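This report refers to the structure that appears directly beneath it.
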Amino acid sequence: MMMNTAYRQKSLGIISVCLLIACFLFSCKKDTPDVPVKRNEKWRTQAKTDSMGNQYYVVSTLDNTLEVRVDNKDGKTIFSEVCPTIEASEIPENSSKLFTYLVAPSKYINANHATLSLRLILDDLEIPSKFVQLLANIDLDTKKIYTKKYKVEKPLDWSYVDYNISLVQWYQNSLLVREGTDKDLNRGGSYMGLGQRGSQLVCYERDFSIRYTKDIDASDAYYPSGGLSNIPINNYEYMLFLNDGYVGRMQIVTSVEDKWSGKQVIIWRDNLKETNNIPADYSVKITDYNIQNNVVSASYNIYDEKGQLKEKRSRKWAIGNGMPLGS
């Protein structure tokens, strides 16, 4: 009897120890933060970050598909969609043959609308002659993706200029793209637009239906750049703000027809350094700008010859004719 009692006490002791260990392990697991797991992927491209902290990248999945993903600033995936037009045979064996360019929204264009440009090299990485280009318009509001594919296998195939500043988010969430044959786009050191027969400036809606197309055949064609600060006013005009204090209302002029009709690139302009009697060795930098109720406004700093901040100012103009309206 005493032996049975001792046995039961020993068994209960063992069970108690096991329960304590289980509780300890459970509590440790609960307190350990979740570690992001790379799911269903062979490789991923380096992420491109927008002004909101969202990160855009491309993944080659184990299912032989190409997937566009977006993570928020906390690292949580908020968008994931397969590129439906990319075939398995077009997906590179590693990320070194896929180049991405992000056209990130500015504060004057819907912050949840971005465009990701992809270039997939199909042959030699050093001197590529065959490649696939993909424009992907991403809508984080509706969780939809719209794509347009270009496949280049010979010089006369249709292509687009895919450098960062060449793609421009435009009026009412459209996209400006410079297109042409690969031969024309690469003539003259990849600088497209100066007298290149067949080159076009295409304005696409978010679903890649065409809003308008303009020929680029003028000897001094002028169109906006994605690398500069601008606010589209309508389909063809925009306000340009340069860091050095230049403010101007500009117009797209790309074709011989534009020239014949008398269209001018500059509708009006104001050089803040000149019109504010700022010393020649001082510099000006625009820090903010906006358009509201047909009034253009800009804030700017003035620096001395040593780069020291001397003064902060602001100025307003009538959008129609550039008439100064004070500060």
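Please read all numbers here as calculations on a predicted model, not as lab measurements.
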Problem set entry | Heavy atoms from other residues, nucleotides or ligands near NZ of Lys148 exceed 12 (cutoff 6.0 Å) | yes
Exercise. So, are Lys144 and Glu81 salt-bridged, with charged N and O less than 4.0 Å apart?
Worked result: no
Problem set entry | Under 3.5 Å side-chain donor-acceptor pair for Asp288 and Tyr300 | no
Exercise. Measuring from Thr115:OG1 to Leu135:CG, what's the distance to the nearest 0.5 Å?
Worked result: 7.0 Å
Exercise. With sequence neighbours left out, what residues match Phe208 under ring-ring contact (aromatic ring centres under 6.0 Å, His included)?
Worked result: Tyr204
Problem set entry | For Asp258, side chain to side chain contact (heavy atoms under 4.5 Å, CB included) partners two or more places apart | Lys214, Val253, Thr254, Ser255, Lys263
Problem set entry | Side-chain touch Ile267/Glu237, heavy atoms, less than 4.5 angstrom | yes
For this session: For side chain to side chain contact (heavy atoms under 4.5 Å, CB included), just list the numbers for Asn54 and Lys73, CA-CA rounded to whole Å, side-chain angles, deciding distance to a tenth of an Å, and then say yes or no.
Result: CA-CA 5 Å; Asn54 295 322; Lys73 62 182 180 181; 5.7 Å; no
Exercise. Salt bridge check: are Glu274 and Arg269 linked by an N-O gap of less than 4.0 Å?
Worked result: no
For this session: Would you tell me whether Thr65 and Asp63 have side-chain atoms, one donor and one acceptor, within less than 3.5 Å of each other?
Result: no
Exercise. Between Tyr282 and Tyr303, is the ring centre distance below 6.0 Å?
Worked result: no
For this session: Any chance you could measure Tyr171, atom OH, to Ile231, atom CD1, to the nearest 0.5 Å?
Result: 12.5 Å
Exercise. Looking at CG of Leu176 and SG of Cys203, how far apart are the two atoms once the value is rounded to the nearest 0.5 Å?
Worked result: 5.0 Å
Seminar exercise, completed: Separation between CG (Asp157) and OG1 (Thr181), nearest 0.5 Å, reads 9.0 Å
Exercise. Minimum heavy-atom separation for Asn137 to Arg206, with atom names?
Worked result: ND2-O, 3.0 Å
For this session: Measure the spacing between CG of Asp244 and CG of Leu242 and express it to the nearest 0.5 Å.
Result: 5.5 Å
Problem set entry | Heavy-atom side-chain contact between Val152 and Val132 under 4.5 Å | no
Exercise. Can you name the nearest heavy-atom pair linking Tyr160 to Leu134, along with the distance?
Worked result: OH-O, 3.4 Å
Exercise. Do Thr77 and Val70 have side chains that get closer than 4.5 Å, going by heavy atoms?
Worked result: no
Problem set entry | 4.5 Å side-chain heavy-atom contact, Leu116 and Val68 | yes
For this session: Scan side-chain atoms only and decide if Lys42 and Asn94 contain a donor-acceptor pair under the 3.5 Å cut-off.
Result: no
Exercise. Can Glu305 and Lys310 be counted as an ion pair, charged N to O under 4.0 angstrom?
Worked result: no
Exercise. Say you draw a straight line from CG of Asn290 to NZ of Lys316; how long is it, rounded to the nearest 0.5 Å?
Worked result: 10.5 Å
Problem set entry | Within-4.5 Å side-chain heavy-atom neighbours: Trp317 and Val247 | yes
For this session: Examine the side chains of Tyr222 and Gln251 and answer whether a donor and an acceptor come within less than 3.5 Å of each other.
Result: no
Exercise. Under 4.5 Å between any side-chain heavy atoms of Asp71 and Lys76, yes or no?
Worked result: no
Problem set entry | Salt-bridge criterion met for Glu67 and Arg69 (N-O under 4.0 Å) | yes
Problem set entry | Flag for Asn112-Asp141: side-chain donor and acceptor within less than 3.5 Å | yes
For this session: Could you tell me whether the side chain of Tyr246 reaches within less than 4.5 Å of the side chain of Leu272, counting heavy atoms only?
Result: no
For this session: Measure across Ser225 and Val168 and return the closest heavy-atom pair with its distance rounded to 0.1 Å.
Result: C-CG2, 3.8 Å
Problem set entry | Smallest separation among heavy atoms of Trp43 and Ser95, with atom names | CE3-CB, 3.5 Å
Exercise. Around atom CD of Glu93, are there more than 12 heavy atoms of other residues, nucleotides or ligands at under 6.0 Å?
Worked result: yes
For this session: Verify whether one side chain among Arg178 and Tyr223 offers a donor that lies under 3.5 Å from an acceptor in the other.
Result: yes
Exercise. In the single-linkage hydrophobic clustering (I, L, V, M, F, W, Y; side-chain heavy atoms under 4.5 Å), do Met52 and Leu140 co-cluster?
Worked result: no
Exercise. Looking at Asp220 and Lys259, does any basic side-chain N land under 4.0 Å from a carboxylate oxygen?
Worked result: yes
Exercise. Are Thr100 and Lys48 side-chain neighbours, meaning at least one heavy-atom pair lies under 4.5 Å?
Worked result: yes
Problem set entry | Axial cation check for Phe131 ring with Arg119, 6.0 Å and 45° limits | yes
For this session: Over all heavy atoms of both residues, which pair between Asn276 and Arg313 is shortest? Give the atoms and the distance, please.
Result: OD1-NH1, 3.2 Å
Exercise. Are Arg211 and Glu205 within salt-bridge range, i.e. N to O under 4.0 Å?
Worked result: yes
Exercise. Which pair of heavy atoms, one from Trp268 and one from Asn321, lies closest together, and at what distance?
Worked result: CD1-C, 3.5 Å
Problem set entry | Side-chain ion pair, Asp270 and Arg315, N-O less than 4.0 Å | yes
Exercise. Do the ring planes of Tyr236 and Tyr212 sit parallel (below 30°), tilted (30 to 60°) or perpendicular (above 60°)?
Worked result: tilted
Exercise. Hey, is NZ on Lys97 packed in by over 12 heavy atoms from elsewhere, all under 6.0 Å?
Worked result: yes
Exercise. Does the side chain of Gln133 pick up a donor-acceptor pair with the side chain of Asp162 at under 3.5 Å?
Worked result: yes
Exercise. When Ile, Leu, Val, Met, Phe, Trp and Tyr are grouped by side-chain heavy atoms lying under 4.5 Å apart, directly or through other members, which residues fall in the same group as Val295?
Worked result: Leu325
